[in-house]
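Computation of the quantities below employed the complete heavy-atom set of this structure, encompassing side-chain atoms and omitting hydrogens, waters and symmetry-equivalent molecules.
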Protein chains: 2
Amino acid sequence: MTPPGPARRLSEHDVIDGAFALVREHGVDALSVRRVAARLGLTPTALYTYVDGRAGLLRAMVERVMGGIPLAMLDDAGLTAAERLEQFGLALRRTVLEHPGGATLIMTGPLDGTHALAMNEALLRCLTSAGLTLDDAARAAYALQVFVLGTVMLEAADGGDGDPQREEALAVERRAALEQYPVDGLALTAETGDIVARYNTTEQFAWGLRRVIAGMLTAS
Amino acid sequence: MTPPGPARRLSEHDVIDGAFALVREHGVDALSVRRVAARLGLTPTALYTYVDGRAGLLRAMVERVMGGIPLAMLDDAGLTAAERLEQFGLALRRTVLEHPGGATLIMTGPLDGTHALAMNEALLRCLTSAGLTLDDAARAAYALQVFVLGTVMLEAADGGDGDPQREEALAVERRAALEQYPVDGLALTAETGDIVARYNTTEQFAWGLRRVIAGMLTAS
DNA sequence: ACCTGAACACCGTTCAAGT
DNA sequence: ACCTGAACACCGTTCAAGT
């Protein structure tokens, strides 16, 4: 299995793989140049051969996540525009949550990479096909991205990772935490505590997503 | 001006003041226990008297931001529900942007503090008064928070701080960056480049906010 | 091109000690 | 209660040196 001849050592790809594995096992806070290097059997400084310091490492990780976002459904002629946008929103959330630390990574820098622009373009195609003017389509495209990425960010901050079982466990935790609070001034929140405890949940995200899409497709 | 008697030294309030001043002057990345301590003329370890380590410092900073969010307009009987929600959304964005690093701080932990719950409750009052069922109101309240906070987070990540002049400068920068990209496969994005360059702008936020609110108030 | 090793200026946190 | 000082186990990055 070891390749013959002069050993092909590593590539940037391997480094990013290692970085995501590290975050998966030890959390985003454990992400450091030194630990990624150690995991690959390298000294910290050797990592600079593959990646432009910590900033370059983070940039490459963002590109990896963004590159994994499926866009094909946005051009699916068999679906209505609303359906296409809903499928896309669900897929975007899933993709980002699947990458440990993905939300934090994306939201930490501007959305201006190649993949981000390709996503924007696909959304523009879909939204103009639904009858929006090009300028409104652009505004709506950004609003949709903001809603999905904002959801994912808050979900990740709350400890979620897209796994339904983990989602369930967190909901139970949050429900218990809500009971602790004094009810004065929070009557409504307490009364609908079951919903509040499940804010970071696939079903509730889907509910909000459908409403947001409806808002975007409304004739002004 | 120096108080007589045994010197009243500092309080947690002063520490948080110092922390925000530090972030304002040197950016979020400069925020550290050691630097906040130094700015107050203390050793790093002395800061632990006022704040429970770095985590406690961040928690207190979040509470400070959340405590500054005005909620009164959500109960303003002189406005329609849509108008109340729009005023609130604009104010929420302004408040968070006014605090340097506010977006990052808030989005980094779960929205479960006292002030977050009070905000939720006020939104529930407003949304139920608009005719939504309590459960739908809860779902809509979270969707609105996600949209506003997601906007603010991406805006801050792009370098924005709510200042209109800075907003303008960033738009020009982003417009220039867009020109650099090859147009193939990005025809629509290029054509509406003026809008795309102004994604992180008060006007475009207001546009999206109105649409999102409309979506929430739509009868299902 | 790829890697090491030493060095520098940082971190957060603990602990024992002082007042 | 409030603070210091020393210590520990970390950071990211530079630079000179090796192959």
Side-chain angles (χ1 to χ4, degrees), chain A residues 2-64 100-101 104-105 108-109 157, chain B residues 2-64 100-101 104-105 108-109 157:
Chain A
T2 347
R8 277 205 82 271
R9 297 286 281 96
L10 292 162
S11 65
E12 197 203 63
H13 194 270
D14 299 319
V15 171
I16 306 306
D17 277 352
F20 274 115
L22 182 82
V23 176
R24 169 155 279 128
E25 289 167 32
H26 299 100
V28 218
D29 295 338
L31 182 63
S32 76
V33 171
R34 292 180 109 103
R35 286 170 92 119
V36 173
R39 162 179 271 271
L40 299 169
L42 296 174
T43 57
T45 47
L47 212 73
Y48 283 70
T49 309
Y50 303 102
V51 128
D52 188 13
R54 180 180 163 84
L57 175 65
L58 298 184
R59 233 181 294 124
M61 290 178 81
V62 170
E63 283 310 294
R64 174 82 131 248
T104 319
L105 288 166
T108 286
Chain B
T2 347
R8 277 207 80 273
R9 295 288 279 99
L10 292 163
S11 65
E12 197 203 63
H13 193 270
D14 299 319
V15 171
I16 306 305
D17 277 353
F20 275 115
L22 181 82
V23 175
R24 167 155 279 128
E25 289 166 31
H26 299 101
V28 218
D29 295 339
L31 182 63
S32 76
V33 172
R34 292 180 110 103
R35 286 170 92 120
V36 173
R39 163 179 270 272
L40 299 170
L42 296 174
T43 56
T45 49
L47 211 72
Y48 282 71
T49 308
Y50 303 101
V51 128
D52 188 12
R54 180 180 164 85
L57 175 65
L58 298 183
R59 232 182 293 125
M61 290 177 81
V62 170
E63 282 311 295
R64 173 81 130 250
T104 319
L105 288 167
T108 286

Using whole Å, what does the distance between atom [atom2] of nucleotide [N] and atom [atom1] of [X] come to?
{"X": "A:L42", "N": "D:dT19", "atom1": "CG", "atom2": "P", "answer": "18 Å"}
{"X": "B:L57", "N": "C:dG12", "atom1": "CG", "atom2": "C1'", "answer": "12 Å"}
{"X": "B:D29", "N": "C:dG12", "atom1": "CG", "atom2": "P", "answer": "12 Å"}
{"X": "A:Y48", "N": "D:dC15", "atom1": "OH", "atom2": "P", "answer": "12 Å"}
{"X": "A:D14", "N": "C:dC2", "atom1": "CG", "atom2": "P", "answer": "12 Å"}
{"X": "A:L47", "N": "C:dT4", "atom1": "CG", "atom2": "C1'", "answer": "14 Å"}
{"X": "B:H26", "N": "C:dC11", "atom1": "NE2", "atom2": "P", "answer": "12 Å"}
{"X": "B:R34", "N": "C:dG12", "atom1": "CZ", "atom2": "P", "answer": "7 Å"}

[N] OP1/OP2 closer than 4.0 Å to side-chain N/O of [X]:
{"X": "B:R54", "N": "C:dT13", "result": "no"}
{"X": "B:R35", "N": "C:dC11", "result": "yes"}
{"X": "B:R9", "N": "D:dC3", "result": "yes"}

| Which residue, A:Y50 or B:D52, contacts DNA chain C at a nucleotide closer to its 5' end, judged by nearest heavy atom? |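 Upstream on the strand: A:Y50.
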| Could you go step by step and tell me if A:V36 and A:L57 meet the side chain to side chain contact (heavy atoms under 4.5 Å, CB included) rule? | CA-CA 10 Å; A:V36 173; A:L57 175 65; 4.3 Å; yes
| query | Of all the nucleotides listed (D:dC11, C:dC3, C:dT13), which has the minimum atom distance to the side chain of B:P44? | reply |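 Looking only at heavy atoms from C-beta outward on B:P44, the closest nucleotide is C:dT13.
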| message | By nearest atom, which of the nucleotides D:dC3, C:dT13, D:dT14 is closest to the B:A46 side chain? | response |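 Selected nucleotide: D:dC3.
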| said: To the nearest 0.5 Å, what is the distance between OH on B:Y50 and CG on B:L42? | reply: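 Interatomic distance, B:Y50 OH to B:L42 CG, rounded to 0.5 Å: 6.0 Å.
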| query | After noting the C-alpha distance and the side-chain angles of B:M61 and B:L31, does the key distance pass the side chain to side chain contact (heavy atoms under 4.5 Å, CB included) rule? | reply | CA-CA 11 Å; B:M61 290 177 81; B:L31 182 63; 3.9 Å; yes
| query | So, does the side chain of A:T45 form a donor-acceptor pair with the base of C:dG5 at under 3.5 Å? | reply |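 A donor-acceptor contact between them is present.
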| query | Are any of the side-chain heavy atoms of B:V28 and B:L105 separated by less than 4.5 Å? | reply |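 A side-chain contact is absent here, since even the closest heavy-atom pair is not under 4.5 Å.
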| Pairing nucleotide - C:dA16, Watson-Crick or G-U, each distance under 3.5 Å |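 Answer to the pairing question: D:dT4, which forms a Watson-Crick or G-U pair with C:dA16.
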| Sidechain N-carboxylate O distance under 4.0 Å for A:R35, A:E25 |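 No salt bridge links A:R35 with A:E25.
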| message | Need one value for A:T43: base, sugar-phosphate or nothing, where a base atom within 4.0 Å counts as base even if backbone is also close, heavy atoms only. | response |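 Touches a base.
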